[in-house]
Structure formats: C-alpha cells, structure tokens
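Following: one structure in structure tokens, then a few remarks.
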Amino acid sequence: MKMTKKRLAFFLLHLLFSAVVPIVLVIVRYSTITNTKAAIGFKISITGILLLIFIFWVIKKLFIDRKLTDLKAQGNIMLADLKTKQDPAEIAAIEKELKKIKTAEALFGSIIPLLFIVAAVIAFKALEAQLVTLSATLGYIGISYGVGLVFNVLYSREIHAKNGGTDNGDK
C-alpha cells in the first residue's frame, strides 16, 4: 500500500487521540494526588482489576480473536493481489473489499479498550463523590479514544495500490 499524506495524517491523529491525550490527561489530573481520605476512594483493589481484565480477555478470546484472524488472512491475500493485479477494474474491486475488511479490523481491534473505558465510567458513576474526578478523566479519555477510533477507521480506509487502481475520489 502507498503511504499518502492523508493516510499519514489519519494515523498521526489516531495515535494522538488514542495514546498521547489519555496519558497526558492522567498525568495532569493525578500527578499531585496525595494519600488523603479523598484519594483513597480512587484506589481499586487488585482483585477487582484482575477480574475485569479476565472478563474482557475471555470475551476477546471467545469472540473477537477468531473474527480478527479471518479478516487478517483475507486482508493479506487481497494485499498480495493488489501487488500483482494489473487490471484497474480488478484493483478497484479489491481496494473496495479491502476497505471493508480494514474497517472491520480497526473496529474489532479497538472495541475492547473502548468497552473497558465505558464499563469503568459506569462503575465509577455508581460509586461515591470521591470518584467524580476519576470519572471525568475516564470520560475525557473515552471521548479522546473515540475520536482516535474515528481516525483509525479513516486511516484503515485509505487504500491505494502502488501501480494503478482508483484515486478514491482524489482528483
């Protein structure tokens, strides 16, 4: 696949909103937290964290990994076909199908972290007022991750063959 300016911009925006902004939010919000009574409300037991991780891991293994494996195999075959095909109509059809597969891969790959953030926000809303700051931070992280997901999908849909193919409307 050809790396275009648009594809690079989508990747950088996805990286910014999915990784950099959440880390900065946590550092800014919690770098000055002390061991006060209000701060103790933010501590979650290791058992609860392990239970959540286990549940999401089981869901991922049972449902999502199988679908991702199939999609990746199909995508790899189509990428190989893009390198060898010469007919512009065939290339356009492969690019169209590859966009669907890459979109599904991006969505499936991003759903578990997003579900974890949503579950955490719901759990924190049910707890005491000490968790208001943590809840807000997770809400901002969820929004940031959601924006990153949009750019990840746009990045995944930027498919261009190196020789021929469609220009995806970029004339």
Side-chain angles (χ1 to χ4, degrees), residues 1-36 38-61 63-65 67-69 71-72 75-76 79 95 98-160 162 167-170:
M1 277 189 296
K2 187 170 33 172
M3 181 60 82
T4 62
K5 290 178 185 177
K6 195 174 177 182
R7 184 171 167 85
L8 180 63
F10 288 149
F11 175 75
L12 292 175
L13 287 168
H14 162 63
L15 182 68
L16 175 72
F17 285 107
S18 296
V20 177
V21 171
I23 291 170
V24 168
L25 277 171
V26 170
I27 290 171
V28 167
R29 299 288 287 233
Y30 297 105
S31 62
T32 59
I33 200 164
T34 59
N35 200 12
T36 63
I40 293 172
F42 293 107
K43 295 182 180 174
I44 301 172
S45 70
I46 190 69
T47 316
I49 293 170
L50 289 175
L51 180 62
L52 282 174
I53 291 171
F54 177 73
I55 289 170
F56 283 117
W57 177 78
V58 167
I59 290 170
K60 184 177 183 299
K61 286 292 179 189
F63 302 109
I64 297 177
D65 281 354
K67 185 69 175 170
L68 276 177
T69 303
L71 289 175
K72 285 180 183 180
N76 288 339
L79 283 173
E95 284 178 346
L98 195 54
K99 281 182 185 182
K100 291 178 187 176
I101 289 173
K102 291 295 185 179
T103 301
E105 278 183 19
L107 289 173
F108 281 134
S110 300
I111 198 93
I112 290 296
L114 195 57
L115 285 177
F116 180 74
I117 291 170
V118 168
V121 168
I122 291 170
F124 295 142
K125 289 290 183 186
L127 296 174
E128 296 293 324
Q130 294 98 355
L131 294 176
V132 170
T133 304
L134 182 58
S135 175
T137 302
L138 280 174
Y140 294 138
I141 290 172
I143 291 168
S144 176
Y145 196 83
V147 172
L149 172 65
V150 169
F151 285 115
N152 188 18
V153 169
L154 291 173
Y155 167 75
S156 298
R157 292 186 56 81
E158 280 297 309
I159 306 292
H160 299 282
K162 288 189 177 182
D167 59 1
N168 291 333
D170 298 330

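Owing to the predicted nature of the structure, the values given are computational and were not obtained by experimental measurement. Heavy atoms only: backbone and side chains are in, while hydrogens, waters and symmetry mates are out.
Rounded to the nearest 0.5 angstrom, Ser18 OG and Asn152 CG are separated by 6.5 Å. With values rounded to the nearest 0.5 angstrom, Lys99 atom NZ is found 5.5 Å from Arg157 atom CZ. Leu68 CG to Ile101 CD1: the interatomic distance, rounded to the nearest 0.5 Å, is 12.0 Å. Note that CG of Leu71 and CD of Glu105 are 5.5 Å apart. Values are rounded to the nearest 0.5 Å. Rounding to the nearest 0.5 Å places NE2 of His14 at 11.5 Å from CG of Leu154.
The two atoms that bring Leu114 and Gly142 nearest to each other are CD1-O, 4.2 Å, heavy atoms only.
Within the 4.5 Å cutoff, no side-chain heavy atoms of Phe10 are placed close to those of Ser156. Side-chain contact between Leu149 and Leu107 is present, with at least one heavy-atom pair separated by less than 4.5 Å. A 4.5 Å side-chain heavy-atom check between Leu12 and Leu16 finds every atom pair outside the cut-off. Residues Phe17 and Phe151 are in side-chain contact: their nearest non-hydrogen atoms beyond the backbone lie under 4.5 Å apart.
Here the side chain of Asn76 pairs a donor or acceptor atom with the backbone of Lys72 at under 3.5 angstrom.
Taking the six-membered ring where the residue is Trp, Tyr155 and Phe11 present tilted rings, their angle falling between 30° and 60°.
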